[in-house]
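Structure, as structure tokens:
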Amino acid sequence: MPELPEVETIARGLREPLVGRRFTGLRVGWENLVARPTVEEFERGLVGQRILGVKRRGKYLVFALSGGESLIVHLRMTGRLLIKNSGDQPDKHDYLIFELDDGRELRFNNVRKLGRVYLVDDEDEVMGRLGPEPLDDDFTSADFPALLSGRRGMIKPLLLNQRFMAGIGNIYADEALFAARIHPERKADTLTASEIERLYHAIRRVLAQGIRNRGTTFSDYLDAEGREGRNQEYLRVFRRTGQPCPRCGTPIERTVVGGRGTYFCPKCQK
DNA sequence: ACCACAACCTGGCCGC
DNA sequence: TGCGGCCAGGTTGTGG
């Protein structure tokens with residue numbers, strides 16, 4: 001579910017309640033969510049540490065801890081990070097509950113149990129192979145052609161490859177390709193210079209819009225306070241099969257590209 | 001490098 | 001109402 005804009009919205013919402021707090025306890029309802037180290041070492045290493053900062057990298061959330069380690073969380077498909085009071089009704093899918101020193105809790109809610117948490121000395125152990133941050137100031141339109149060079153596969157699976165670029169998922173890949181008027185199955189090495197330029201700006205525009213709208217909620221996504229996003233009201237092709245293309249009126253089509261459901265306008269996207 | 005496919009999981013929806 | 005099949009915003013590993 002959560003892609004860069006959703007994870008960014010969560011990170012922003014977690015800063016105020018978490019920075020300066022200390023973890024006082026951990027309750028584990030599904031051990032496989034703890035990717036590393038072992039559950040016992042994870043709990044022992046975490047409890048007692050103060051949270052110094054919260055940031056996002058790609059689709060990961062990173063919590064800098066007072067002992068120098070980093071707590072890293074990936075929400076995968078259905079993960080949520082919610083701030084609750086300790087007395088609040090627990091949800092059956094709250095599989096990790098981080099107790100805080102102010103009577104509140106950080107709850108990792110995760111219906112499909114696919115999310116993962118890590119406690120590591122060096123965040124590169126988890127995120128070292130991620131591609132560039134598409135919204136960084138130092139990622140410019142001049143960098144994008146070089147990033148694409150040598151890539152011969154289809155453009156959509158490439159956008160979804162986190163080692164190519166960090167943070168893009170299925171929704172924003174389709175939206176960016178529509179905005180750039182590029183067919184999702186185009187081979188990366190057939191894109192013209194102007195298409196590459198359009199794609200660069202389209203990626204940044206759709207991600208920035210997603211953040212402005214506080215993320216896209218179809219079913220699962222909620223921010224740290226449990227609120228839905230509203231970017232679903234602004235999507236132009238994603239999950240809009242049969243509805244008219246906002247540019248030309250042709251019905252939007254759905255196909256499968258690289259194993260993922262893919263929405264596009266067959267007339268605008270060549 | 002690239003591609004297809006399976007695995008990890010549960011819940012919602014659809015058709016029968 | 002029940003049941004099987006399919007689908008889902010992500011990632012990783014395997015085999016070709």
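These numbers were taken from a predicted model, which means no experiment stands behind them. In the text below, chain A, chain B and the rest are named by the order of the sequence lines, each starting its count at 1.
Cation-pi geometry between A/Arg151 and A/Phe164 is not met: the NZ or CZ atom fails to fall both under 6.0 Å from the ring centre and inside 45° of the normal. Taking the ring centre of A/Phe178 as origin, the terminal cationic atom of A/Arg247 falls inside the region bounded by 6.0 Å and 45° from the ring axis.
Residue contacts shown for A/Arg163 are absent, as no nucleic acid heavy atom lies under 4.0 Å away. Across all strands, A/Arg76 comes closer than 4.0 Å to base atoms (heavy-atom distances). Contacts of A/Asp220 with the nucleic acid, taken as non-hydrogen atoms under 4.0 Å apart, include base atoms. A/Tyr172 comes within contact range of no nucleotide atom at all, as no heavy-atom separation falls under 4.0 Å.
For A/Arg116, no side-chain nitrogen or oxygen approaches OP1 or OP2 of C/dT11 to under 4.0 Å. Side-chain N/O atoms of A/His93 include none lying less than 4.0 angstrom from OP1 or OP2 on B/dT10. Remark: A/Lys59 is in phosphate contact with C/dT11, judged by side-chain N or O atoms under 4.0 Å from OP1 or OP2. OP1 or OP2 of B/dC9 has at least one side-chain nitrogen or oxygen of A/Asn32 nearer than 4.0 Å. Look at A/Gln162 and you'll find a side-chain N or O under 4.0 angstrom from OP1 or OP2 of C/dT11.
For A/Lys113, taking side-chain heavy atoms from C-beta onward, the closest of the listed nucleotides C/dG10, B/dC9, B/dC3 is B/dC9. Checking B/dC3, B/dC2, C/dG10 against every side-chain atom of A/Met154, the shortest atom distance belongs to B/dC3.
When the C1' atom of C/dG9 is taken as reference, atom CG of A/Leu81 falls 16 Å away, rounded to whole Å. A/Asn170 places its CG atom 14 Å from the P atom of C/dC7, with the value rounded to the nearest Å. Atom pair A/Leu158:CG and B/dC2:C1' shows a separation of 11 Å (rounding to whole Å applied). Rounding to whole angstrom units, NZ of residue A/Lys156 and P of B/dA4 are separated by 13 Å. We find that CG of A/Asn161 is positioned 11 Å from C1' of B/dC2, with the value rounded to whole Å. Between A/Leu114 atom CG and B/dC9 atom C1' the separation is 5 Å, expressed in whole Å. The separation between A/Lys187 atom NZ and B/dA1 atom C1' is 11 Å, rounded to whole Å. One interatomic measurement links the two molecules: CD of A/Glu31 to P of B/dC8, which rounds to 17 Å at whole-angstrom precision.
A/His93 contributes atom NE2, which lies 9.0 Å from atom NZ of A/Lys113 (distance to the nearest 0.5 angstrom).
Applying side chain to side chain contact (heavy atoms under 4.5 Å, CB included) to A/Tyr60 and the options A/Leu75, A/Val126, A/Val73 leaves one that passes, A/Val126.
Between the base of B/dG12 and the side chain of A/Ser219 there is no donor-acceptor pair shorter than 3.5 Å. Interface remark: the A/Arg112 side chain does form a donor-acceptor pair with the C/dA8 base, using a distance-only criterion of under 3.5 Å.
With a cut-off of 3.5 Å on both Watson-Crick or G-U wobble distances, the partner of C/dG9 is given as none.
Mapping A/Phe218 and A/Val126 onto DNA chain C by nearest heavy atom places A/Phe218 at the nucleotide closer to the 5' end.
Taking the charged nitrogens against the carboxylate oxygens, A/Asp102 and A/Arg104 do have a contact shorter than 4.0 Å, which makes a salt bridge.
Separating the P atom of B/dC13 from that of C/dG9 is a span of 16 Å, rounded to the nearest Å. With both ends at atom P, the span from C/dC3 to B/dC9 equals 24 Å, rounded to whole Å. Taking atom P in both C/dC6 and B/dC5, the straight-line distance is 15 Å, to the nearest Å.
Counting heavy atoms from C-beta outward, A/Tyr172 and A/Phe238 have side chains that stay 4.5 Å or more apart.
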